[in-house]
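So the structure is just underneath, and the comments pick up after that.
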Amino acid sequence: MDNIQIAEMFNRMAKLLEFKGENPFKTRAYTNAARSIKGLDEELSVLYKSGVMDSIPGVGEALKSKIVEILETGSFDAYERTIKEIPPGIMEIMDIPGIGPKMTRSFYEKLGATSVEELSKAAREHRIRRLPRMGEKHEEKILRSIVRMQQDKDHGRHPIAFAGEIAKQIRDELSSSPHIEKVVIAGSLRRKKDTVGDIDLIAISNEPEKAIRFFVNMEQVEEIVESGTSKGAVLYPGNLRVDLRVVEMASFGSMIQHFTGSKEHNIHLRKIALSKGYSLNEYGFKNEISGKLTPCSKEKEIYDFLGLEYLPPEIREDMGEIEASLTGKLPRLIEKEDIKGDLHVHSNWSDGVNSIEELAQAAIQRGYEYIAITDHSHSTGIANGLSEKRLLEHIKIIDTLNEKTDDIRILSGTECDIRADGKLDYSNEILEKLDIVIVAVHAGLEQDRNKITRRIVAALENEHVDILAHPTGRKLGKRPAYDIDMDKMISVAKENEKILEINSSPWRLDLNDTNARKAKEQGVMLAINTDTHTIEHFDNISFGIDVARRGWVESDDVINTMNLKQLCARLGILK
DNA sequence: GCCGTTTTCGGCCCGACTGTTTTCAGTCG
């Protein structure tokens with residue numbers, strides 16, 4: 001059991017207890033503990049073995065013994081007993097947006113609904129409107145929610161590239177309203193999460209109600225979820241929820257801080273505020289005694305007030321950033337300007353669109369010192385992978401181009417397939433002739449954990465290999481990461497001084513933030529590459545930078561922040 | 001169930017909106 005699974009088990013327990021109507025603070029204790037566990041740097045199983053499981057915030061004696069029980073048996077008695085009392089479909093009912101534990105309980109007790117299907121039937125038969133505090137509108141809302149939930153197979157998460165585009169369009173449209181002075185993007189989009197659940201926008205306006213009316217009446221809105229005096233929420237096509245908060249200039253900093261989140265980060269900040277005698281909300285600091293509100297027009301004022309260094313949005317996850325800020329140990333996060341070149345680029349020799357010259361020109365325009373042309377190897381037949389003979393010609397062409405220009409250095413490389421048995425697609429004699437060797441898995445993604453881990457480990461142990469590309473193979477919304485032992489992969493990379501890639505393609509973002517942070521902490525070097533197949537893809541680098549920043553990655557952790565001379569020294573390129 | 005630089009008991013992050021009822025519970029972010 002890893003930390004995520006244990007945290008999930010506590011979260012499920014909290015939901016079950018809420019349904020049962022237990023003391024809400026007891027259920028919150030489970031939620032708090034789950035959040036705290038998710039933020040741990042070290043696996044609980046490791047902490048337990050070394051006997052240092054004390055001092056996890058929110059985990060006291062009772063929950064600690066439950067963690068031990070989970071680690072030893074895979075579950076805990078209280079959970080098993082509770083789940084047996086409750087019909088299995090109940091959890092699913094609580095997952096319907098707009099329906100919480102209280103309503104679920106009422107539907108169960110008064111209507112006997114134990115599944116989404118039964119609830120849906122009850123709504124269609126108008127039995128829900130007869131319940132206390134229920135009515136016609138609730139009935140309709142429930143039916144709509146159920147339909148939407150069943151249509152939404154991706155669990156409501158949208159890749160950042162998709163949601164980001166829509167957000168910018170909506171921002172621009174809102175900005176055209178005469179009632180709105182300025183619109184900014186907040187929420188997980190501002191924190192640059194790889195996928196987002198919704199779009200959060202903040203508008204500055206002196207006429208909030210008119211601003212909200214403009215918002216909910218925009219052309220593409222499919223459904224109005226909420227429309228109040230300072231807040232509106234709508235659904236866009238694709239079941240994409242968009243929230244707008246309207247605020248006056250004086251509280252703008254407080255509002256954007258609040259709605260940038262994360263929720264966990266904010267809860268932590270509010271606790272610090274309380275310890276100083278203030279409560280913190282989206283309008284400012286409120287003195288607990290006098291009740292006087294101090295609004296913040298700039299976000300930085302909030303962190304100043306709390307005695308914290310300003311925290312970049314990307315790391316506001318309550319994953320240690322507040323402690324790091326208090327102890328002066330905040331990382332200086334990498335920036336796009338630190339990148340000196342791209343080490344994963346495809347030309348029209350394999351499945352890329354552009355010639356090597358065109359790619360080199362585009363890289364020069366972006367101010368790069370170098371690029372590596374890393375076309376596919378022959379196993380990737382569908383991508384017109386290069387035979388050994390074509391690869392040798394490829395190297396020659398690149399040599400010739402390098403002789404013609406001083407503006408950029410083109411490195412000869414490959415994205416060499418790691419075959420199903422862990423062998424590489426080219427012989428060592430060939431690999432030796434290249435400046436840089438990237439390896440990657442493109443087939444046999446369904447192998448079991450041991451097999452695929454061994455396969456990648458074997459590749460990382462090859463002396464000619466430099467970088468492992470898109471290390472987990474995931475594609476957002478399309479396929480999950482392959483089942484790999486990440487800790488093992490990182491430690492092998494470390495031992496063999498190999499580099500792990502953060503692939504910047506917005507559909508990959510692989511390594512992800514969590515794994516990038518893990519690799520960095522273990523001292524493994526990273527590369528932030530675009531996997532460019534057409535020159536526009538070079539611009540995807542910003543997505544990779546976002547992931548790296550979320551992973552607390554600094555410039556020194558990334559190989560392609562090196563200048564050409566340093567890079568050649570690190571990769572052992574002599575000429 | 002957790003937690004404490006006034007506390008080992010009595011608190012526990014904070015506010016908007018909806019739908020219902022007429023003062024608020026439930027849900028959400």
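Every chain is numbered from 1 and lettered A, B, ... according to where its sequence line falls, protein lines coming before strand lines. On a predicted model such as this, the values are computed, not experimentally measured, just so you know.
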Worksheet, complete the sentence: Residues pairing under salt bridge (Lys or Arg N to Asp or Glu O under 4.0 Å) where one sits in residues 89-100 of chain A, two or more places apart or in two chains, turn out to be A/Lys15-A/Asp95

Discussion item. Check A/Glu139 with A/Arg127, please: is the shortest side-chain N to carboxylate O separation under 4.0 Å?
Written reply: no

Worksheet entry | Salt-bridge present (A/Glu299, A/Arg190; N to O < 4.0 Å) | yes

Discussion item. Closest-nucleotide mapping onto DNA chain B: is A/Met94 or A/Lys271 further toward the 5' terminus? I mean the 5' end.
Written reply: A/Lys271

Fill in: Touch class at under 4.0 angstrom, heavy-atom based, for A/Pro24 against every strand present
nothing

Fill in: Residue matched to B/dT8 through Watson-Crick or wobble contacts both under 3.5 angstrom
none

Discussion item. Using a 4.0 Å cut-off on heavy atoms, which residues in residues 124-145 of chain A reach DNA chain B? List them by number, or say none.
Written reply: A/Arg133, A/Met134, A/Gly135, A/Glu136, A/Lys137, A/His138

Worksheet item: In residues 210-229 of chain A, which ones come under 4.0 Å of DNA chain B, going by heavy atoms?
Response: A/Glu226, A/Ser227, A/Gly228, A/Thr229

Fill in: B/dT20 versus B/dG26 - spacing of their P atoms, nearest Å
14 Å

Discussion item. Assuming nearest nucleotide by heavy-atom distance, tell me which of A/Ile96 and A/Asn23 is located more 5' along DNA chain B.
Written reply: A/Asn23

Fill in: Polar side-chain atom of A/Ser145 near backbone of A/Ile96 as donor-acceptor pair, under 3.5 Å
no

Worksheet entry | Between B/dG10 and B/dG15 - P atom distance, rounded Å | 25 Å

Check nucleotides 3-8 of chain B against the protein and report each pair of N or O atoms closer than 3.5 Å, with its distance, or say if there are none.
{"unit_1": "B/dC3", "atom_1": "OP1", "unit_2": "A/Gly58", "atom_2": "N", "d": "2.8"}

Fill in: Flag for A/Thr472-A/Asp510: side-chain donor and acceptor within less than 3.5 Å
yes

Discussion item. For a quick test of reading the model: is some side-chain N or O of A/Lys286 closer than 4.0 Å to OP1 or OP2 of B/dG15?
Written reply: yes

Item to complete: Please state the P separation for the pair B/dC2 and B/dT7 - nearest whole angstrom.
Response: 22 Å

Discussion item. From NZ of A/Lys231 over to P of B/dC28, roughly how many Å is that when rounded to an integer?
Written reply: 11 Å

Item to complete: Go through the side-chain N and O atoms of A/Glu222 and A/Asn239 and say whether any donor and acceptor fall under 3.5 Å apart.
Response: no

Fill in: Side chain to side chain, A/Asn206 and A/Glu181, heavy atoms closer than 4.5 Å
yes

Discussion item. With a 3.5 Å cut-off and heavy atoms only, can you find an N or O donor on one side and an acceptor on the other between the side chain of A/Asn32 and the base of B/dG1?
Written reply: no

Worksheet item: Between the main-chain N or O of A/Val52 and the side-chain N or O of A/Ser50, is there a donor-acceptor pair closer than 3.5 Å?
Response: no

Item to complete: Classify the nucleic acid contact of A/Leu274 as base, sugar-phosphate or nothing, counting any heavy atom under 4.0 Å across all strands shown.
Response: sugar-phosphate

Practice prompt. Between B/dT5 and B/dG1, how far apart are the P atoms? Round to whole Å, please.
Written response: 23 Å

Response to the item:
chi for B/dT21 classified (syn = within 90 degrees of 0, anti otherwise) as anti

Fill in: Side-chain N,O (A/Tyr278) to OP1/OP2 (B/dC14) below 4.0 Å
no

Discussion item. What is the separation between atom CZ on A/Phe25 and atom C1' on B/dC14, rounded to the nearest whole Å?
Written reply: 13 Å

Fill in: Inter- and intrachain pairs under side-chain hydrogen bond (donor to acceptor under 3.5 Å, both in side chains), touching residues 240-250 of chain A, at least two apart
A/Arg241-A/Asp243, A/Arg245-A/Glu282, A/Arg245-A/Tyr283

Practice prompt. Take atom C1' in B/dT23 and the same atom in B/dC17, then report the distance between them in whole Å.
Written response: 15 Å

Worksheet item: Given B/dC17, is OP1 or OP2 found less than 4.0 Å from the side-chain N or O atoms of A/Ser230?
Response: yes

Worksheet item: Whole-Å distance between B/dA16 P and A/Arg245 CZ?
Response: 6 Å

Discussion item. Check whether A/Asp338 reaches the backbone of A/Glu335 with its side chain - one donor and one acceptor, N or O, closer than 3.5 Å.
Written reply: yes

Worksheet item: Looking only at atom types and distance, does a side-chain atom of A/Glu118 sit under 3.5 Å from a main-chain N or O of A/Thr114, one as donor and one as acceptor?
Response: yes

Item to complete: Spell out, as yes or no, whether a donor-acceptor pair under 3.5 Å connects the side chain of A/Ser325 to the backbone of A/Glu309.
Response: yes

Item to complete: Name every residue in residues 98-114 of chain A that has at least one heavy atom under 4.0 Å from any atom of DNA chain B, in order of residue number, or write none if there are no such residues.
Response: A/Gly98, A/Ile99, A/Gly100, A/Pro101, A/Lys102, A/Met103

Worksheet item: For A/Arg171 and A/Ser175, does a side-chain donor sit closer than 3.5 Å to a side-chain acceptor?
Response: no

Discussion item. Without decimals, in angstroms, what is the distance between A/Arg28 CZ and B/dG11 P?
Written reply: 14 Å

Practice prompt. Indicate yes or no: does A/Asp487 engage A/Lys518 in a salt bridge with an N to O separation below 4.0 Å.
Written response: yes

Worksheet item: Below 4.5 Å, heavy atoms only, C-beta onward: do A/Phe259 and A/Val184 meet side chain to side chain?
Response: no

